[in-house]
Protein chains: 2
Amino acid sequence: MSGPNTPIRNDCDECALASRCFPAFISVEKRFRVTQIITTNLTYDKTALLYRQGEKAKHIYIIKFGSFKTYISNPNGTEYINGFYMTGDIINMESVDQGIHLNSASALENSMVCKVSFLRLTILKDEFPTLANMAIKVYSQALALSQDLLKCISKQSATSRLATFLLIINRRQNIQNQDPDKIYLSMSRQDIANYLGLAIETLSRVFTRLNESGCIIKHNRHSDLSIHDRDLLQRYASGVEN
Amino acid sequence: MSGPNTPIRNDCDECALASRCFPAFISVEKRFRVTQIITTNLTYDKTALLYRQGEKAKHIYIIKFGSFKTYISNPNGTEYINGFYMTGDIINMESVDQGIHLNSASALENSMVCKVSFLRLTILKDEFPTLANMAIKVYSQALALSQDLLKCISKQSATSRLATFLLIINRRQNIQNQDPDKIYLSMSRQDIANYLGLAIETLSRVFTRLNESGCIIKHNRHSDLSIHDRDLLQRYASGVEN
DNA sequence: CCTTTTCGTTGACTTAAATCAATGTCTGTT
DNA sequence: AACAGACATTGATTTAAGTCAACGAAAAGG
């Protein structure tokens, strides 16, 4: 189908994320090689499993749109939420070393991902040294974020935890959002509570309090919020206000 | 009080860590180049500052012996402990992306580190492609550990947090320790409390309880412990036992 | 459209950890 | 060796968050 003069169709050229994804780290003339690295546009319905804890890990996943949670299932049926991932995030970077999925990942809404095999990445890293730079950069970011979260979750009061969580979600959604104060929560209250180390009832009460203080506005859906008084929210997050 | 003393020698060949440090990823015949990458054997006295939050970050640091804490100072004088690092650990991987120290690091005891500049690492990465592999491997590990800690710290009871902490410390010290049950805590109770998100009094009580239950044995020094009933300690850590 | 189920909120009560306060014990200094 | 100051432990009390239970609201499914 594709001869020497036929332009190779490259999904990445049209991707909104291209400027901060793998193509950005590969020279223009060799950009066509991207298609040989990346399997693009895989769709996952809400609740669909991306991978399961304990399975062999062979790929990293870049979220094109949508969101995922990673979690560890406990024997007693409860879930420990490990992280939330949204547009532009890379899932599964922590498994590259051991080659085994340390947690399970499932879609929080209908989502699309592109995947890259560890193996291809290793091989092509020699051809494209800048890919290695990208990897290190991305890992460094991920580590910094992870430490940020650790800080948020240990130590702080329930109010401070939720306020920090909302600010982090908002900051990350702002990259593609038009209204800078809108927050969309694709995960359930239970997931958030779990993630922040709180009981669901406590979380619900804090949501109510943040709403009553005029800090955030809840819209008809549970998942839609707006930040109304960002300054106050930040004071809650830092623990100055209670 | 802060700042390195004079470097002593420049030879990775004799280093006990060589097999899991940079030299391991560089071909034998070019191993001499290591000296041009690594500044070796910098000594830091107890409480000495390795770097300060907000400063420009230019190096990663490998701990040859000793230990460090990384922390963020709050305006009200309190410290938020970010992490503890010991022999073989690499400090400052999270700053590579932004190039600014996100926290401060200080020695918990008299310690020795080797440092590698980001810049040299980037340049030499092309000469030694395996260095990039090493970076990715190490980052992946760090991320996995960080998620482990997140899990330990949020959610769990005070007892479970400390038990998990002790098991993690023990596992990491075992790599160079002769007695597999000995634990040496180079950090203060306040640092541990801070790190685990507990009040120092709560931590102290839990230490006492673990001791009284025969789980751990406290020796004369606050810093010296032994695991006496590992199984019980693991049950505490998992939350089966209280 | 109405029923069923899941999810989120609110209230009453309990509990684990924080705080306040006092005491005990190391560590480093002269 | 004796002292000072920092560090660690223990006790009494308070408080924030957890648990148990009921209710309301939104999805899902026929």
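Keep in mind that the numbers below use all heavy atoms, side chains included, and drop hydrogens, waters and symmetry copies. Chain identifiers are assigned alphabetically (A, B, ...) following the order of the sequence lines, protein sequences preceding nucleic acid strands; residue numbering begins at 1 within each chain.
- One interatomic measurement links the two molecules: CZ of B:Arg189 to P of C:dC26, which rounds to 12 Å at whole-angstrom precision.
- Residue B:Arg221 places none of its side-chain N or O atoms closer than 4.0 Å to OP1 or OP2 of C:dC26.
- Between the CG atom of A:Leu162 and the C1' atom of D:dA17 there is a distance of 14 Å, given to the nearest Å.
- Among B:Ile200, B:Leu203, B:Ile81, the single residue meeting the side-chain contact (heavy atoms from CB on, under 4.5 Å) criterion with B:Gln190 is B:Ile200.
- Counting non-hydrogen atoms of other residues, nucleotides and ligands closer than 6.0 Å to NZ of B:Lys182 gives a total of 12 or fewer.
- Of the options A:Val113, A:Thr87, A:Asn41, a side-chain contact (heavy atoms from CB on, under 4.5 Å) to A:Lys64 is made by A:Asn41 and by none of the others.
- Side chain of B:Ser140 to backbone of A:Asp97: a donor-acceptor contact under 3.5 angstrom is found.
- Rounded to whole Å, atom P of D:dA6 lies 16 Å from atom CG of B:Asp191.
- As a whole-Å value, the separation of B:His219 NE2 from D:dA8 C1' is 18 Å.
- Between B:Asn211 atom CG and D:dT10 atom P the separation is 9 Å, expressed in whole Å.
- Toward the 5′ end of DNA chain D lies the nearest nucleotide of B:Ile200, the other residue of the pair B:Ile200 and A:Arg209 mapping further downstream.
- Following rounding to the nearest Å, A:Arg161 (CZ) and D:dG18 (C1') show an atom-to-atom distance of 12 Å.
- Each of C:dA18, D:dA17, C:dG11 was ranked by its minimum atom distance to the side chain of A:Glu201; first place goes to C:dG11.
- Atoms NE2 (A:His222) and C1' (C:dT6) sit 10 Å apart, rounded to a whole Å.
- Using a 4.0 Å heavy-atom criterion, one finds that B:Leu203 contacts no nucleic acid atom at all.
- Look at B:Arg205 and you won't find any side-chain N or O under 4.0 angstrom from OP1 or OP2 of C:dA17.
- The distance between atom CZ of B:Phe207 and atom C1' of D:dT9, rounded to the nearest whole Å, is 12 Å.
- For A:Ser204, the listed nucleotide lying nearest its side chain is C:dG8; candidates were C:dG8, C:dA17, D:dT10.
- Distances shorter than 4.0 Å separate none of the side-chain N or O atoms of B:Thr208 from OP1 or OP2 on D:dT9.
- For B:Ser157, taking side-chain heavy atoms from C-beta onward, the closest of the listed nucleotides C:dC20, D:dT9, C:dA17 is C:dA17.
- One finds no side-chain N or O of A:Lys218 lying less than 4.0 angstrom from the OP1 or OP2 phosphate oxygen of C:dG8.
- Of the candidate nucleotides D:dA17, C:dT9, C:dA18, C:dA18 has the atom nearest to the side chain of B:Leu198.
- When only modelled atom types and interatomic distance are considered, A:Glu79 and A:Ser73 share no side-chain donor-acceptor pair under 3.5 Å.
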